[in-house]
Amino acid sequence: MKKAAAILCLALTMAFAGCGNSDDNTNTPDTNGEKNSESVSGTESEQDPLADGVLNVGTNAEFPPFEFVGDDGEPDGFDMALIKAIGEKMGVDVVVENMEFDSLVASIGSKIDVAIAGMTITDERKNMVDFSDEYYEAVQYVIVPADSEIASAADLEGKNIGVQLGTTGDFIVEDIKDATAAQYNKAVDAVNDLLNGRVDAVIVDKNPAQVFGEQFKDEVKLFDGESPEFGFEKEYYAIALPKGDEELAKSVNDALAELKADGTFDELVTQYIEN
Ligand code: ARG
């Protein structure tokens, strides 16, 4: 049953990507904050992205435990379970598109309706998209080789630091004196290069850092970026939404609130994050 649904999702994703291509030129984001009509529904006057009964969700499944590619080749993880539960409450089918993290924000309103990807609310992103209510607190962690002398933010100065392209970890490196960001499309590749000695440290969100830390237990050590030695700020994850679509924002937030109230949200936290 699960598998059949996954295959259907894949087929739908492919069909959608197929017909989406021809729109790419005309469906450029506009500047007045109005969202583009979704031509997939076939009606030119159609403004509701859910009119076709499908919520097209973008993610980047390189971020365990929030999203990763499961054994069946489909995106799995906390965010995937959460957005499916939200879709169920909203009465729409959820179709997930796995794409590069760095292109998620720009794809909202054209290729995808919303994005869920352990995405931190930032002022810069708010210029391009709206965010749902926050659903998880995070902070950046620093991963270094087990024998590294790095133990503070000052120690990161002048260092070569692996990050996932376009993430808040990437933005932190911009502010570290003389440091170079080695940008990867997948955080795990940054960690592999840490093990190879190509980078001195990796900055990535707490929970994925803990997953990688567990995976390479004897070779790396982790620092909590919230410690006084690093002083990184708390971050909050939310679902990125098309700018100005208050109706969609309300239905997503209402669904999220219901899932919190009925215990589903906490169950998913236990199942995927705190297990
Ligand atoms: N929280 C960080 C950010 O918003 C990293 C998110 C990376 N997510 C992912 N699915 N790869 O920039």
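The structure displayed is predicted, hence computed values, not measured ones. Order of listing sets the numbers, starting from 1, for every ligand and every atom in it.
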[X], portion touching ligand 1 at heavy-atom distance under 4.0 Å:
X: F171; answer: neither
X: T167; answer: both
X: R125; answer: side chain

So is [X] polar-close to ligand 1, meaning N/O to N/O under 3.5 Å?
X: F63; result: no
X: E62; result: no
X: E67; result: yes
X: Y237; result: no
X: T168; result: yes
X: A117; result: yes

#### Entry: Hydrophobic cluster identity match, F78 and L259, side-chain contacts under 4.5 Å
yes

### Message
So which atom in V114 and which in P242 form the shortest heavy-atom distance, rounded to 0.1 Å?
### Response
CG1-CD, 4.2 Å

### Query
At their closest point, which heavy atom of Q164 faces which heavy atom of N185, and how far apart are they?
NE2-O, 2.8 Å

### Task
Flag the pair F101 / F63 as yes when their ring centroid distance falls below 6.0 Å, and as no otherwise.
no

### Query
Does the gap between the ring centers of F131 and Y236 come in under 6.0 Å?
no

### Query
Taking the inter-plane angle between the rings of F230 and F223 on a 0 to 90° scale, is it parallel (under 30°), tilted (30 to 60°) or perpendicular (over 60°)?
tilted

#### Entry: atom 6 (C) of ligand 1: the protein heavy-atom neighbour that sits closest, reported with distance to 0.1 Å
G118 O, 3.3 Å

### Result of checking Y272, F66, F265, Y136 against L82 for side chain to side chain contact (heavy atoms under 4.5 Å, CB included)
F265

Which atoms of ligand 1 have any heavy atom of [X] under 4.0 Å away?
X: D205; result: 1 (N), 2 (C), 5 (C)
X: N60; result: 9 (C), 10 (N), 11 (N)
X: Q164; result: 7 (C), 9 (C), 11 (N)

### Message
Working note: K89 + D262, criterion salt bridge (charged side-chain N to carboxylate O under 4.0 Å, His left out); need CA distance, chi angles, decisive distance, verdict.
### Response
CA-CA 12 Å; K89 292 267 182 213; D262 71 12; 3.2 Å; yes

### Query
So, Q183 and D170: side-chain donor and acceptor under 3.5 Å apart, yes or no?
yes

